[in-house]
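The structure appears right after this line, and notes come after that.
Because the structure is a prediction, the values reported are computed rather than measured.
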Amino acid sequence: MRGRQRVASKDHILGQDKDENLDENLASVRIQNAKPCWLHSFRHVLVASLSAFLYGYHIGVVNETLESISIDLGFSGNTIAEGLVVSVCLGGAFVGSLFSGWMADGIGRKRSFQLCALPMIIGAGMSATAKTLWGMLLGRLFVGTGMGLGPPVVALYVAEVSPPAVRGAYGALTQIATCLGLMGSFFIGIPSKDIVGWWRICFWVSVIPAAMLAIFMEISAESPHWLFKIGRTTEAEAEFEKLLGGVHVKPAMVELSKADRGDASDTVTVSDLICGRYFRVMFIGCSLFALQQLSGINAVFYFSSTVFESFGVPSDIANTCVGVCNLVGSVIAMILMDKLGRKLLLLGSFLGMALTMGLQAIAASPFASGFGAMYLSVGGMLLFVMSFALGAGPVPCLVMSEMLPGNIRAKAMAICLAMHWAINFFVGLFFLRLLELIGAQLLYTIFGSCCLVAVVFVKKYILETKGKSLQEIEIALLAQEADSTY
């Protein structure tokens with residue numbers, strides 16, 4: 001009897017162990033299939049988006065205030081000086097962008113955000129207290145350096161702290177923050193034409209979000225990818241717990257471990273990126289940002305008021321319409337990014353931009369006149385801005401931060417965005433001159449053709465990254481490269 005009891009007891013225990021193992025496996029599968037709650041990471045991305053808000057604010061702050069600034073500082077009527085006030089920050093942004101990748105890899109994403117805020121605070125204070133043109137230019141140069149440091153780090157941070165299911169929405173959130181910054185600078189600048197010295201207030205206001213970025217980033221999460229890459233595995237787990245919740249830490253670390261640790265990232269040189277084994281992915285990134293700028297979007301942003309005023313539409317109404325279209329398009333992109341995917345939004349966006357730029361080319365032709373030309377030109381411009389905001393605006397930074405391998409991501413994003421600033425500068429510099437030389441119809445046709453080239457380029461080279469982890473994207477890209485060699 002006792003023997004039979006022992007056997008029965010043993011069978012019972014073995015059966016119980018099997019049930020427990022089965023339950024553990026089922027629980028593990030449920031955890032892996034469950035999506036992390038987006039609320040864990042949202043506040044961290046929201047703080048990072050302050051950098052994008054500042055970028056938009058400083059791009060637009062001189063739009064309404066330039067006339068008052070030129071009168072107060074004694075260079076009214078000097079178009080070269082006025083152009084320098086607008087564009088000197090682009091030079092600073094180019095320099096800041098070049099160094100952003102090395103900085104992000106060296107001191108981490110959090111400290112990079114704080115360092116990005118510092119020149120914006122200093123530069124805004126210098127601009128607000130400027131007594132001469134040179135003081136204003138120096139302040140704008142400092143601000144531009146911070147503007148250049150910010151976007152690459154924002155793109156890196158969003159890609160590395162976001163759950164795959166909402167990464168696209170978070171990427172579009174930074175574009176919305178940029179739109180809000182642009183609109184905020186416009187509305188704050190409206191009284192500058194009536195109130196003497198109000199333009200100084202406009203610069204001082206920007207110190208508040210910059211200080212908030214520096215302070216709140218101190219209590220935000222560091223990128224687990226960066227921590228893991230430099231060997232601080234325990235801290236990476238702690239940051240994953242903040243961003244995803246405790247039950248998702250182990251699967252996230254396992255996924256992260258699939259890729260190489262990447263400790264050799266510091267040995268990656270510029271020549272490795274430009275003409276070495278990373279040439280293909282760098283070509284994709286730089287070309288995508290170049291096509292984004294050659295689409296003519298910044299020509300529209302910089303000179304939309306002139307086009308509207310030529311049809312008798314006041315500049316404040318023009319800027320409001322452009323800002324609203326940009327914001328509405330960005331909100332729609334945020335909703336659709338993780339449903340339709342990055343590639344489809346990019347294709348639709350560039351195609352829409354090509355068609356709407358065609359409307360503006362028709363409006364500039366001899367066949368259109370009067371109200372017909374006005375509706376085609378103004379309507380085409382607003383639809384162009386909305387088409388841009390749907391994909392060509394938010395997607396390039398996001399998709400390249402996803403596609404670039406982890407060990408070069410920061411440095412490669414820096415170079416890609418330096419290309420963005422360089423093309424941006426030359427488009428702004430030569431647009432009006434080309435408008436005089438070849439006319440609006442041919443110039444808009446060139447911009448539209450660049451948009452069509454972008455459609456073909458995206459179709460051929462851009463990888464769909466919707467819902468995939470960064471490690472899955474890297475593996476898929478390696479397979480794509482292998483296929484292209486045969």
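Using a 4.0 Å cut-off between charged nitrogen and carboxylate oxygen, Glu222 and Arg111 do not count as a salt-bridge pair. Ion pair Arg200/Asp72 not flagged as a salt bridge, since none of the NZ, NE, NH1 or NH2 atoms sits closer than 4.0 Å to an Asp/Glu carboxylate oxygen.
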Practice prompt. Kindly determine whether Asp105 and Arg409 satisfy salt bridge (charged side-chain N to carboxylate O under 4.0 Å, His left out), including the steps that lead there.
Written response: CA-CA 9 Å; Asp105 274 343; Arg409 188 175 293 127; over 6 Å; no
Discussion item. Before you tell me yes or no, could you show the steps for Tyr278 and Asn407 under side chain to side chain donor-acceptor pair (under 3.5 Å), namely the whole-Å CA-CA distance, both residues' side-chain angles and the distance that decides it to 0.1 Å?
Written reply: CA-CA 11 Å; Tyr278 301 110; Asn407 62 321; 2.8 Å; yes
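Note that the SG atom of Cys416 and the CG atom of Leu288 stand 8.5 Å from one another [nearest 0.5 Å]. Separating the SG atom in Cys286 from the CG atom in Leu291 is a distance of 11.0 Å, to the nearest 0.5 Å. Distance CG/Leu73 to CD/Glu82: 11.0 Å, rounded to 0.5 Å. Here the straight-line distance linking atom CE of Met400 with atom CE of Met413 works out to 7.5 Å at 0.5 Å rounding. Atom CD of Glu67 is separated from atom OG of Ser70 by 6.5 Å, given to the nearest 0.5 angstrom. How far CG of Leu398 is from OG1 of Thr465: 6.0 Å, rounded to the nearest 0.5 Å.
Annotation: side chain of Lys242 is not in contact with side chain of His40 (no heavy-atom distance under 4.5 Å). Looking only at side-chain heavy atoms (C-beta outward), Met126 and Phe203 stay at 4.5 Å or farther from each other. With a 4.5 Å cut-off on side-chain heavy atoms, Arg342 and Ile462 do not count as touching. Annotation: side chain of Pro394 is in contact with side chain of Met337 (closest heavy-atom distance under 4.5 Å). Residues Asn326 and Met386 have side chains not in contact (no heavy-atom distance under 4.5 Å, counting atoms from C-beta outward). For the pair Ile423 and Phe289, the minimum side-chain heavy-atom distance is 4.5 Å or more. Between Arg232 and Trp226, some side-chain heavy-atom pair lies under the 4.5 Å cut-off. Looking at Ser41 and Tyr170, their side chains come closer than 4.5 Å, going by heavy atoms from C-beta outward.
Counting only distance, with no hydrogens or angles, the side chain of Ser97 and the backbone of Phe94 share no donor-acceptor pair below 3.5 Å. Lys343 contributes no side-chain N or O that, together with a main-chain N or O of Leu463, makes up a donor-acceptor pair within less than 3.5 Å. Ser387 places no side-chain N or O within 3.5 Å of a backbone atom of Ser349 that could act as its donor or acceptor partner. For the pair Lys110 (side chain) and Glu218 (backbone), a donor-acceptor distance under 3.5 Å is present. The closest donor-acceptor contact from the side chain of Thr356 to the backbone of Met353 lies under 3.5 Å. Between the Gln114 side chain and the Ala214 main chain, a donor and an acceptor come within less than 3.5 Å of each other. Judged by distance alone, the side chain of Ser192 and the main-chain N or O of Gly189 form a donor-acceptor pair under 3.5 Å. A donor-acceptor contact shorter than 3.5 Å links the side chain of Gln292 to the backbone of Ala392.
Between Ala210 and Leu54, the shortest heavy-atom contact is CA-CD1, 3.6 Å. Pairing each heavy atom of Val45 with each of Ser162, the nearest pair is CG2-OG, 4.1 Å. Residue Ser206 comes nearest to Ala124 through the heavy atom pair OG-CB, 3.3 Å, listed as atom of the first residue, atom of the second, then distance. Across all non-hydrogen atoms, the minimal contact from Gly329 to Leu390 is O-CD2, 3.6 Å. In terms of heavy atoms, Pro209 sits closest to Leu50 at O-CD1, 4.2 Å. Of all heavy-atom pairs between Leu347 and Val455, the closest is CD2-O, 3.4 Å.
More than 12 heavy atoms of other residues, nucleotides or ligands lie within 6.0 Å of CG in Leu437, so this atom counts as buried by the packing criterion. Other residues, nucleotides and ligands contribute only 12 or fewer heavy atoms inside 6.0 Å of the CE atom of Met419. Other residues, nucleotides and ligands contribute only 12 or fewer heavy atoms inside 6.0 Å of the CZ atom of Phe99.
Aromatic ring centroids of Phe457 and Phe350 lie 6.0 Å or more apart.
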Give the table of side-chain donor-acceptor pairs shorter than 3.5 Å for residues 134-159, with sequence neighbours excluded, one pair per line with atom names and distance.
unit_1: Arg140; atom_1: NE; unit_2: Val85; atom_2: O; d: 3.1
unit_1: Arg140; atom_1: NH1; unit_2: His58; atom_2: O; d: 3.2
unit_1: Thr145; atom_1: OG1; unit_2: Leu141; atom_2: O; d: 3.0
unit_1: Tyr157; atom_1: OH; unit_2: Ala221; atom_2: O; d: 2.5

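Partners of Ile188 according to the side-chain contact (heavy atoms from CB on, under 4.5 Å) rule, which considers only residues two or more places apart in sequence or in another chain, are Tyr57, Trp198, Cys202, Val205.
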